[in-house]
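Chain naming here is simple, since letters A, B, ... match the order of the sequence lines and numbering starts at 1 in each. The basis for the numbers below is simple: all heavy atoms, side chains too, and nothing from hydrogens, waters or symmetry mates. No experiment lies behind these values; they were computed from the predicted model shown.
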There are 2 protein chains.
Amino acid sequence: MKGIHQLAEHLNISIGTVSRALNGKPDVNEETRRRVLAAAEELGYVANQSGRSLRQGETKVIGLMIESSKETVENADNFFLGVTSGLQSVFARHKLDLLMLPCPSDEDPHEYLKRMVARRIVDAMIISDTQRVDRRIDFLSRAKIPFVALGRSLSASNFPWIDLDFEGVADHAVERLISLGHRRIAITAPSSEANLGYLFIDSYRRALERHDIPFDPTLVIRVKSSEQGGYQAAHELLLLEERPTAVILIYELMAIGLYRRLMESSVMPGRDLAVIGFRDAPRARFLQPSLSCFRISLYDLGVALGRMLLATMPAYRDFYPGGERNIIWPLELMPGESDAFDVGAMV
Amino acid sequence: MKGIHQLAEHLNISIGTVSRALNGKPDVNEETRRRVLAAAEELGYVANQSGRSLRQGETKVIGLMIESSKETVENADNFFLGVTSGLQSVFARHKLDLLMLPCPSDEDPHEYLKRMVARRIVDAMIISDTQRVDRRIDFLSRAKIPFVALGRSLSASNFPWIDLDFEGVADHAVERLISLGHRRIAITAPSSEANLGYLFIDSYRRALERHDIPFDPTLVIRVKSSEQGGYQAAHELLLLEERPTAVILIYELMAIGLYRRLMESSVMPGRDLAVIGFRDAPRARFLQPSLSCFRISLYDLGVALGRMLLATMPAYRDFYPGGERNIIWPLELMPGESDAFDVGAMV
DNA sequence: CTGAAAGCGCTTACAG
DNA sequence: CTGAAAGCGCTTACAG
């Protein structure tokens, strides 16, 4: 089966009628529509997207840009695949397809994005890995391409984004540990200049201050956001002259490396050191003793991202009224065994 | 900047000349070409892909289909992102873009593929997760869509594929363990009906037979191909009345769960039990004692997949002459500490 | 070396 | 309710 012409010829009607029947336009005889649908199914006809796109000025494709840097490849915990399902559930209602656009590591992300957008491969974009200053945001805003970002940025004043509640995580974790009697609480932070690191530390500091616990900079352990970083964090922690009784992690995979290093020194999480992890990642779910960490539904996050994006697009706006343009995504603490001990009983 | 008409008008020349200049056609005055290129750059003009695709009958896009099933999301080790770079390095030479097509978990992979292909979103496809019987392969063959598969299949007799050398891994691992004095060697296999499981076990069996070691079915441990499966495998292994002195794993993440379960029973890999892992995954790289496992360059694998695919496409065939249509991808053993002991010294 | 024109496969006002 | 025709943005024979 080639194109709509062949299908129309096969049915002995005009291509216009075929198109209207296929696209569910109202002014088509029901019997005609039935015949068209049946023939299309039988012959496996599906409209060529280039033809449609050219005529309609839209591609019905949403792009999810991902950066396949070495760091991401080695450490990402398929975060994106998790979000994908939620996105697709929203897009499916509008017959929109989600494609992932992997930016080659040797191409500038900004140039890549420009190219994809200019070629009109997609109608809208979801970007992630936002930087404190991110030219992509300015570009998309100015080019009036609908987009939503996973992550805050200092670029542009008003654009749609969803970000994880790093402040809330730090706050909850500190409060919980203090309520369990801890006073000497370490925290990890990314060694990079990522915005979230600042948010995390600030919130930690404020929570301590609420309880009149002085902020001790030696308890802020800067390491890479990776499994290796967790190992390194445990190592540095064990070297501190006055060892903290608890530690809060900022990245999901850190817990795995941290546990390993602690075990090597026979320091047992949940007995000798309280540990609160970050996200409830599949890999971390398997740790023993079980990790106290924060639950997040990647599916729901995907749904929210999808809705927020469509709310910015004229063609779909009406389906998603009154939504927020910015969301701090809450995470829920899941108590495990890794911090389930009374610090008073220690020492 | 809208389209080629605006650009042509801006330059006071015809759209045909603009197109020829932009596309590097020879019969264009160099001064004209220079002016066109400069103006395009300045005004940010990039040809609309729908227009090109419609006219040329090709999209210049290659699709990499991935299945975002729950299993994949929880366990995949970003294998695809690793392959992506290699693919892109090949495609970049021909100005082809790679897009990832995530099949929604509630959609039949076969239907999804048909839809994407019929819509002409892509010129060619890379599929993975091949099943023993895989309708996608028959469909793509019949529809004459260029494709390459990552994984063998019993479907269709002759299609381009690359698969990992599971036989070689089993064979090398057994030979190595026997040379270290082991006689009682366990092996893991997937609990599913995956083809690779059969290949793996067969090769293991043959290697044993070469050394007159009888095949003992209780030493074939069927578990899920996941971290949890590794944990389970260790558990079952420890329950065996006559414990084996070595175990061979079939999936990269198994080692992590296996190590954990062994440690819980104070069984130390490389001292109390020899362990040979599968792929040298980033996460497994961090295990202690270091894991003996097989190295594979995902980048090189991506390059090979890309070349094999282009070799099947008339437009690019000439660039890749004489390539194989099927490759068993070799893996190289990287000795670590997890099997570095003389079994004679044990017991 | 350049321009004018055809046509890729669709959808959609417009007539009837 | 249906058909004929225009036109989306390109590339490419064809004339000149």
Exam field: side chain B:Arg120 to backbone B:Thr59, donor-acceptor pair closer than 3.5 Å
no
With heavy atoms under 4.0 Å as the rule, sort B:Ser50 into base, sugar-phosphate or nothing.
nothing
A:His5 NE2 to D:dA4 P, straight-line distance once rounded to whole Å
11 Å
Selected nucleotide, minimal atom distance to A:Asn48 side chain, candidates C:dT11, C:dG9, C:dT2:
C:dG9
Select base, sugar-phosphate, or nothing to describe what B:Thr32 touches, counting heavy atoms under 4.0 Å on all strands.
sugar-phosphate
Given D:dT11, is OP1 or OP2 found less than 4.0 Å from the side-chain N or O atoms of B:Lys25?
no
Is A:Tyr45 near enough to C:dG9 that one of its side-chain N or O atoms lies under 4.0 angstrom from OP1 or OP2?
no
For A:His110 and A:Phe139, which heavy atoms make the closest approach, and how far apart are they?
CE1-CB, 3.5 Å
What pairs of nitrogen or oxygen atoms, one from the protein and one from nucleotides 13-15 of chain C, lie under 3.5 Å apart?
unit_1, atom_1, unit_2, atom_2, d
C:dA13, N6, A:Arg20, NH1, 3.2

Measure from the side chain of B:Ile15, starting at C-beta and using heavy atoms only, and say which of C:dG9, D:dT11, C:dG3 lies closest.
D:dT11
Taking every non-hydrogen atom, the tightest pair across A:Ser153 and A:Thr130
CB-CB, 4.3 Å
Side-chain contact, heavy-atom cut-off 4.5 Å: A:Tyr112 with A:Met65?
yes
So which one's nearest nucleotide on DNA chain C is more toward 5', B:Val28 or B:Gly51?
B:Val28
